[in-house]
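The block underneath contains the structure these notes are about, expressed in structure tokens.
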Amino acid sequence: MAELKTQPNDLDVEEFISAIEPEWKRDDAWEVLKLMKNITGEEPVMWGPSIVGFGKYKYVYESGREGEWMLTGFSPRKQAMTLYLMSGYDKMGELMQKLGKYKSSVSCLYIKRLSDIDLEVLEEMTRKSVEIIKKRYAEYN
């Protein structure tokens, strides 16, 4: 079975965030870092060259495929800040209606600027996602 390309590494998170341009995007990244660190109680770790992850969990799919992934994380991409809420959004409909301006895919939330969203709602969504993942994969962790 192929190993995931994106792995935790020893790259410096603070150095990575300090190099983000423009300044408002860097400020948003510092804010998300603080939010996710407070929720998880975990230190941030770089996953690949551009994702900041917090904690990790082991997963095993019905197919037998298994691996480890971050509990939550983010990446300040060119088009938008990508937030990784690994539980997905099927149980967060009401929260998503309150969040503000965003786009989403399976487990990614895309936000242009933090000022476009309600940070308290993002915090609640992130906390809920971490709780769901910890419960879902408790037997493997």
Side-chain angles (χ1 to χ4, degrees), residues 1-9 11-141:
M1 187 139 321
E3 189 172 305
L4 289 174
K5 292 180 183 179
T6 304
Q7 296 287 328
N9 59 61
L11 294 175
D12 188 285
V13 172
E14 289 188 11
E15 190 175 297
F16 170 71
I17 293 176
S18 294
I20 295 169
E21 293 293 339
E23 183 178 1
W24 65 264
K25 191 174 280 198
R26 182 173 52 249
D27 292 344
D28 281 1
W30 286 120
E31 186 71 25
V32 172
L33 176 109
K34 185 173 96 177
L35 180 142
M36 290 184 170
K37 186 175 178 180
N38 286 341
I39 289 169
T40 64
E42 302 279 352
E43 290 298 317
V45 172
M46 293 300 299
W47 286 67
S50 61
I51 299 174
V52 179
F54 297 83
K56 60 183 174 179
Y57 66 97
K58 181 179 178 184
Y59 61 85
V60 179
Y61 293 136
E62 287 182 24
S63 66
R65 180 181 172 155
E66 60 182 74
E68 287 188 337
W69 196 245
M70 69 191 87
L71 284 171
T72 193
F74 70 95
S75 183
R77 308 255 185 222
K78 184 177 182 178
Q79 293 297 317
M81 175 81 70
T82 303
L83 304 169
Y84 300 96
L85 302 183
M86 305 317 302
S87 67
Y89 304 106
D90 58 337
K91 297 181 180 169
M92 296 194 197
E94 188 176 312
L95 289 171
M96 292 184 77
Q97 290 176 4
K98 297 177 185 178
L99 182 61
K101 190 175 174 182
Y102 69 89
K103 292 183 180 180
S104 65
S105 63
V106 177
S107 61
C108 296
L109 195 62
Y110 306 101
I111 299 168
K112 293 275 188 190
R113 291 179 175 237
L114 289 185
S115 60
D116 291 340
I117 62 163
D118 184 322
L119 282 175
E120 288 181 11
V121 173
L122 177 62
E123 184 174 352
E124 189 174 344
M125 289 175 68
T126 305
R127 182 172 281 108
K128 185 173 184 175
S129 175
V130 168
E131 289 171 2
I132 289 169
I133 291 298
K134 284 182 174 181
K135 185 176 180 180
R136 183 180 297 161
Y137 296 102
E139 69 182 282
Y140 304 114
N141 294 285

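In what follows, residues are counted from 1 in the order of the sequence shown.
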(request) Return the minimal non-hydrogen interatomic distance between L95 and V121, and the atom names on each side. (result) O-CG1, 3.3 Å
(request) Answer yes or no: does atom CD of E42 have more than 12 heavy-atom neighbours from other residues, nucleotides or ligands under 6.0 Å? (result) yes
Point-to-point distance, once rounded to the nearest 0.5 Å, from [atom1] of [X] to [atom2] of [Y]:
X: L114; Y: D116; atom1: CG; atom2: CG; value: 8.5 Å
X: T6; Y: M46; atom1: OG1; atom2: CE; value: 10.5 Å
X: D28; Y: K112; atom1: CG; atom2: NZ; value: 12.5 Å
X: L71; Y: Y137; atom1: CG; atom2: OH; value: 11.5 Å
X: R113; Y: D27; atom1: CZ; atom2: CG; value: 10.0 Å

Between side-chain atoms of residues 73-92 and protein atoms elsewhere (two or more places apart, or another chain), which donor-acceptor pairs fall under 3.5 Å?
{"from": "S75", "atom 1": "OG", "to": "S50", "atom 2": "O", "distance (Å)": "2.5"}
{"from": "S75", "atom 1": "OG", "to": "R77", "atom 2": "NE", "distance (Å)": "3.4"}
{"from": "R77", "atom 1": "NH1", "to": "S50", "atom 2": "OG", "distance (Å)": "3.0"}
{"from": "R77", "atom 1": "NH2", "to": "Y84", "atom 2": "OH", "distance (Å)": "3.1"}
{"from": "S87", "atom 1": "OG", "to": "S129", "atom 2": "OG", "distance (Å)": "3.2"}
{"from": "Y89", "atom 1": "OH", "to": "C108", "atom 2": "O", "distance (Å)": "3.4"}
{"from": "Y89", "atom 1": "OH", "to": "L109", "atom 2": "N", "distance (Å)": "3.1"}

(request) With side chain to side chain contact (heavy atoms under 4.5 Å, CB included) as the test, would you mind laying out the steps for I133 and R136 before giving the verdict? (result) CA-CA 5 Å; I133 291 298; R136 183 180 297 161; 3.8 Å; yes
Does the distance from a Lys or Arg side-chain N to an Asp or Glu carboxylate O, for [X] and [Y], drop under 4.0 Å?
X: E68; Y: K58; result: no
X: E94; Y: K98; result: yes
X: R127; Y: E123; result: yes

With the side chain counted from C-beta on, respond yes when [X] and [Y] share a heavy-atom pair under 4.5 Å apart, and no when they do not.
X: T72; Y: T40; answer: yes
X: I17; Y: R26; answer: yes
X: W69; Y: Y59; answer: yes
X: V13; Y: V45; answer: no
X: Y110; Y: S105; answer: yes
X: W47; Y: V52; answer: no
X: K128; Y: I132; answer: yes
X: Y102; Y: M96; answer: yes

(request) Determine, stepwise, if the pair F54 / K37 fulfils side chain to side chain contact (heavy atoms under 4.5 Å, CB included). (result) CA-CA 7 Å; F54 297 83; K37 186 175 178 180; 3.9 Å; yes
(request) Could you walk me through whether V130 and M36 pass the side chain to side chain contact (heavy atoms under 4.5 Å, CB included) test, one step at a time? (result) CA-CA 10 Å; V130 168; M36 290 184 170; over 6 Å; no
